[in-house]
Asks: 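Here it is: the structure, laid out below.
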Amino acid sequence: MIVGIARPGTGRFGANEHLDELHGLVEAASGEVVGRVLQERRAPDSATWIGKGKANEVAALVAETKAALVVFDDDLSPAQLRNLEKIVAVKVIDRSTLILDIFAKRARTAEARTQVELAQLEYMLPRLTRQWVHLSRQAGGIGTRGVGETQLEIDRRLVRTRIRRLEEELRKIEQSRRLRRSGRSVFTVALAGYTNAGKSTLFNRLTSDTTYAADKLFATLDSKLRRMNGEMPLQTVAADTVGFVRKLPHHLVASFRSTMAETTEADLVLHVVDASHPASDEQEAVGREVLQNLGVDQSNVVVVHNKVDRLGAGFGRAGDVVRVSALDGRGIGELLAVIRERQRALGQVVELLIPHHEAKVRARLYETGRVEAITEREECSEIRAWIPSAQIPELEQFRK
């Protein structure tokens, strides 16, 4: 059973859109939705979020549908979870718990598993009191409450110690990632955007890779780097990253900062949007907001409307947007052209006379630039090539 509230700023339509997404999250966690409840309130109830009357309605629906779990679309406090479980008589979780469950199920690399464990522990820490609620039911008096408090403090200390160790592990992972990047003389294109926008399918199309892609939320958690197809001025790699989602809790964003670093440090970001989704405008706005919060320069972002084949619309460039179908490849040529243009703007075409004994200079030219024409002469090679602006000073002596 999924439950949400419609507040004045959101309205019923917006709240139903959020519940539709929660429905998808439940299915991504291998669950089946048997019912949904939407409550209109000016403000959430401090005790049960939806109010005691509506909570009793949920309890009746749970009994009628034999639901085994109730999932709320917002984060709940430990007290609210406890109160709701007493009323509905089945387990109650919130949106963050559900997302963490999906992340834990999908994490494959050591880095992703570390990030998931950190997010789980940071979410669990303020909720540890729920683990010891049975102690409050013991008879009162000396020697009862103290034991529970001692055990709770021990648990909190163990969790904090583990959090510190995981944070240190992630710092080492980030440092190693930065070192690897500093040694790469390549142009990085990061695919970012709302979850299930088709980023992994587009990644496979651009790289001829076989990364797992499925029509469900959070199919990809681990960032991946692969060399891109197509003739490019620079050596180019594409990076597939974890998707964004509405109401993504802050602690989840913080835990996955090293995965998202591929986006913040990329030379170009493709903001992929599912153009066929009814809420594509809102999803694009969520993605734009997350990218801004990550500190991504908007001038380095190209918006890509994917799944245009479902709309029967045209492909290619449409103003500042590139319209593609990652599934069948239409529009991909125009997208590659945009990436090439972005790269060429970072350098210029020059004509060089490189003596034959300057083999290292010639090798570096092939490594970091793109040779367009070459004419061999007796004492030198006449080369016409595109080179990055940063490399022009060191080749100035060889310019024709």
Asks: Does a side-chain heavy-atom distance below 4.5 Å link Val3 with Gln39?
Replies: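 The answer is no; the side chains never approach within 4.5 Å.
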
Asks: Should the pair Asp20-Arg36 be classified as a salt bridge under the 4.0 Å nitrogen-to-oxygen rule?
Replies: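 Yes, charged N to carboxylate O under 4.0 Å.
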
Asks: Give a yes or no on whether a salt bridge exists between Glu40 and Arg7, defined as a side-chain N under 4.0 angstrom from a carboxylate O.
Replies: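 Answer for the salt bridge query: no.
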
Asks: Ignoring hydrogens and geometry, is there a side-chain-to-backbone donor-acceptor pair from His356 to Arg377 under 3.5 Å?
Replies: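 Yes: the side chain of His356 pairs with the backbone of Arg377.
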
Asks: Run the salt bridge (charged side-chain N to carboxylate O under 4.0 Å, His left out) check on Arg399 and Glu396 step by step: do they pass?
Replies: CA-CA 5 Å; Arg399 292 189 75 165; Glu396 194 65 40; 3.7 Å; yes

Asks: Do the charged groups of Glu21 and Arg95 touch, with an N to O distance under 4.0 Å?
Replies: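 Salt bridge between Glu21 and Arg95, a charged N being under 4.0 Å from a carboxylate O: yes.
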
Asks: Is it the case that atom CD in Glu341 sees more than 12 heavy atoms from other parts of the structure closer than 6.0 Å?
Replies: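 Count over threshold, so yes.
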
Asks: Locate the shortest heavy-atom distance separating Arg205 from Ala326; write the atom from each residue and the value.
Replies: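 Here Arg205 and Ala326 meet closest at NE-O, 3.1 Å.
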
Asks: Can you name the nearest heavy-atom pair linking Tyr123 to Ser96, along with the distance?
Replies: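 Heavy atoms only, the tightest pair is CE1-CB, 3.6 Å.
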
Asks: Is the closest basic N to carboxylate O distance between Arg160 and Glu167 below 4.0 Å?
Replies: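 Between Glu167 and Arg160 there is no salt bridge, as every charged N stays at least 4.0 Å from the carboxylate O atoms.
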
Asks: Quick one: closest heavy-atom pair of Ala67 and Val90, and the distance?
Replies: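 The pair with the smallest heavy-atom distance is O-CG1, 3.7 Å.
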
Asks: Quick one, Glu117 and Arg113 - any side-chain contact, counting heavy atoms below 4.5 Å?
Replies: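 No, their side chains stay 4.5 Å or more apart.
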
Asks: Does Trp386 reach the main-chain N or O of Arg344 with its side chain, forming a donor-acceptor pair under 3.5 Å?
Replies: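 Between the backbone of Arg344 and the side chain of Trp386 there is a qualifying donor-acceptor contact (under 3.5 Å).
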
Asks: Return yes when atom CG of Asp320 has more than 12 non-hydrogen atoms of other residues, nucleotides or ligands closer than 6.0 Å, and no otherwise.
Replies: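 Counting neighbours around CG of Asp320, 12 or fewer heavy atoms of other residues, nucleotides or ligands fall under 6.0 Å, so no.
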
Asks: With side-chain contact (heavy atoms from CB on, under 4.5 Å) as the criterion, how do Val237 and Arg226 come out once you've worked through the C-alpha distance, each side chain's angles and the decisive distance to 0.1 Å?
Replies: CA-CA 5 Å; Val237 296; Arg226 298 289 187 275; over 6 Å; no

Asks: Just by modelled atom types, is the Val34 backbone N or O under 3.5 Å from a matching donor or acceptor in the Thr65 side chain?
Replies: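 No; zero donor-acceptor contacts below 3.5 Å.
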
Asks: May I ask you to decide whether Glu334 forms a salt bridge with Arg323, counting only side-chain N to carboxylate O separations under 4.0 Å?
Replies: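 Salt bridge: no.
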
Asks: Quick check against the 3.5 Å criterion: does Asn300 have a side-chain atom that pairs as donor or acceptor with the backbone of Val296?
Replies: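 Not a single qualifying donor-acceptor pair exists.
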
Asks: Would you sort out whether Asp267 and Val189 count as a side-chain contact (heavy atoms from CB on, under 4.5 Å), showing the intermediate values?
Replies: CA-CA 6 Å; Asp267 298 293; Val189 178; over 6 Å; no

Asks: At their closest point, which heavy atom of Ala55 faces which heavy atom of Val88, and how far apart are they?
Replies: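 In terms of heavy atoms, the two residues are closest at O-CG1, 4.0 Å.
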
Asks: Working to the nearest 0.5 Å, report the span between CD of Glu168 and CD1 of Ile163.
Replies: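 One gets 14.5 Å once the value is rounded to the nearest 0.5 Å.
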
Asks: Which distance, rounded to the nearest 0.5 Å, do you find between the CG of Asn229 and the CD1 of Ile332?
Replies: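 The CG atom of Asn229 sits 10.0 Å away from the CD1 atom of Ile332.
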
Asks: Among Val308, Leu336, Leu335, find the one that has a side chain to side chain contact (heavy atoms under 4.5 Å, CB included) with Val322.
Replies: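 Between Val322 and the candidates, side chain to side chain contact (heavy atoms under 4.5 Å, CB included) is satisfied uniquely by Leu335.
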
Asks: What's the verdict on side-chain contact (heavy atoms from CB on, under 4.5 Å) for Val71 and Leu22, showing C-alpha distance, side-chain angles and the deciding distance?
Replies: CA-CA 8 Å; Val71 185; Leu22 188 65; 4.0 Å; yes

Asks: Are the side chain of Arg41 and the backbone of Ala43 linked by a donor-acceptor contact shorter than 3.5 Å?
Replies: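 Checking the backbone N and O of Ala43 against the side chain of Arg41, a donor-acceptor pair under 3.5 Å is found.
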
Asks: If we only count heavy atoms from C-beta on, is the Gln348 to Val350 side-chain gap below 4.5 Å?
Replies: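 Heavy-atom side-chain distance check passes, below 4.5 Å.
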
Asks: With the 4.5 Å side-chain cut-off for hydrophobic clustering, are Val304 and Leu311 part of the same group?
Replies: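 Different clusters.
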
Asks: If the threshold is 4.0 Å, N to carboxylate O, is there a salt bridge linking Lys54 and Glu57?
Replies: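 A salt bridge links Lys54 with Glu57.
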
Asks: Could you grab the distance from atom CG of Leu76 to atom CZ of Arg82, nearest 0.5 Å is fine?
Replies: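 It is 12.5 Å, given to the nearest 0.5 Å.
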
Asks: With a 4.5 Å limit on heavy-atom distance, are the side chains of Val303 and Glu284 in contact?
Replies: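 Of all side-chain heavy-atom pairs linking Glu284 with Val303, at least one is under 4.5 Å.
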
Asks: Decide yes or no on side chain to side chain donor-acceptor pair (under 3.5 Å) for Asp240 and Ser200, but give the supporting numbers first.
Replies: CA-CA 6 Å; Asp240 191 14; Ser200 293; 2.7 Å; yes

Asks: Check Asp45 against Gly51 and note the closest heavy-atom contact, atom names and distance.
Replies: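 Closest approach of Asp45 to Gly51, heavy atoms only: CB-N, 3.6 Å.
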
Asks: Grouping I, L, V, M, F, W and Y whenever their side-chain heavy atoms are under 4.5 Å apart, do Val349 and Met232 come out in a common cluster?
Replies: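 The answer is yes; both residues are in one hydrophobic cluster.
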
Asks: Could you walk me through whether Glu282 and Arg288 pass salt bridge (charged side-chain N to carboxylate O under 4.0 Å, His left out), step by step?
Replies: CA-CA 10 Å; Glu282 183 185 352; Arg288 187 164 53 246; over 6 Å; no

Asks: Side chain of Asn306, backbone of Asp274: donor and acceptor closer than 3.5 Å?
Replies: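 No.
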
Asks: Are the side chain of Lys307 and the backbone of Val324 linked by a donor-acceptor contact shorter than 3.5 Å?
Replies: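 No; zero donor-acceptor contacts below 3.5 Å.
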
Asks: Are any non-hydrogen side-chain atoms of Val338 and Arg317 less than 4.5 angstrom apart?
Replies: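 The answer is yes; the side chains approach within 4.5 Å.
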
Asks: Is there a continuous path of hydrophobic side-chain contacts, each under 4.5 Å between heavy atoms, that joins Val302 to Phe315?
Replies: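 Different clusters.
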
Asks: So Glu122 and Leu118, do their side chains get closer than 4.5 Å, heavy atoms only?
Replies: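 Leu118 reaches Glu122 side chain to side chain.
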
Asks: Please test Phe13 against Glu17 for side-chain contact (heavy atoms from CB on, under 4.5 Å), starting from the C-alpha separation and ending with a verdict.
Replies: CA-CA 6 Å; Phe13 179 80; Glu17 283 284 344; 3.7 Å; yes

Asks: Nearest 0.5 Å, what's the OG-CD distance between Ser381 and Glu358?
Replies: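 Ser381 OG to Glu358 CD: 11.0 Å, rounded to 0.5 Å.
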
Asks: Taking the side chain as everything from C-beta on, heavy atoms only, tell me whether Phe398 gets closer than 4.5 Å to Cys380.
Replies: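 No, too far: nothing below the 4.5 Å cut-off.
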
Asks: Could you check whether any side-chain N or O of Arg384 sits under 3.5 Å from a backbone N or O of Glu351, counting only pairs where one atom can act as donor and the other as acceptor?
Replies: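 Between the backbone of Glu351 and the side chain of Arg384 there is no qualifying donor-acceptor contact (under 3.5 Å).
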
Asks: Should Leu365 and Leu395 count as side-chain neighbours, where that means a heavy-atom distance under 4.5 Å?
Replies: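 Answer yes - side chains close enough.
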
Asks: Around Glu32, counting heavy atoms of other residues, nucleotides and ligands shown, do more than 12 lie under 6.0 Å from its CD?
Replies: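 Count not over threshold, so no.
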
Asks: Is it the case that one hydrophobic cluster holds both Val361 and Leu353, taking links as side-chain heavy atoms less than 4.5 Å apart, direct or via other members?
Replies: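 Cluster IDs for Val361 and Leu353 differ.
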
Asks: Given the rule in the side chain to side chain donor-acceptor pair (under 3.5 Å) test, do Thr97 and Asp94 qualify, once you have shown the distances and angles that lead to the verdict?
Replies: CA-CA 5 Å; Thr97 304; Asp94 56 21; 2.9 Å; yes

Asks: Under 4.5 Å between side-chain heavy atoms, hopping through other hydrophobics if needed: is there a path connecting Leu125 to Leu170?
Replies: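 Yes; tracing contacts between hydrophobic side chains, which count when under 4.5 Å, links both residues.
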
Asks: Taking Ser276's backbone N and O only, do any of them form a donor-acceptor pair with Ser280's side chain (distance below 3.5 Å, no angle check)?
Replies: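 Not confirmed, Ser280 side chain does not pair with Ser276 backbone.
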
Asks: What's the spacing between Gln80 CD and Asp75 CG if we round to 0.5 Å?
Replies: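 One gets 10.0 Å once the value is rounded to the nearest 0.5 Å.
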
Asks: Please report the interatomic distance CG(Asp73) to CG(Leu25), rounded to the nearest 0.5 Å.
Replies: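 The distance works out to 8.5 Å.
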
Asks: If we ignore hydrogens and angles and just use 3.5 Å, is the side chain of Glu85 paired with the main-chain N or O of Val92 as donor and acceptor?
Replies: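 Between the backbone of Val92 and the side chain of Glu85 there is a qualifying donor-acceptor contact (under 3.5 Å).
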
Asks: Verify the distance criterion only: is there a donor paired with an acceptor across the side chains of Ser325 and Asp328 at less than 3.5 Å?
Replies: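 Looking only at side-chain atoms, Asp328 and Ser325 do form a donor-acceptor pair, the distance falling under 3.5 Å.
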
Asks: What's the shortest heavy-atom distance between Val62 and Met1, and which atoms?
Replies: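 Heavy atoms of Val62 and Met1 come nearest at N-CE, 4.1 Å.
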
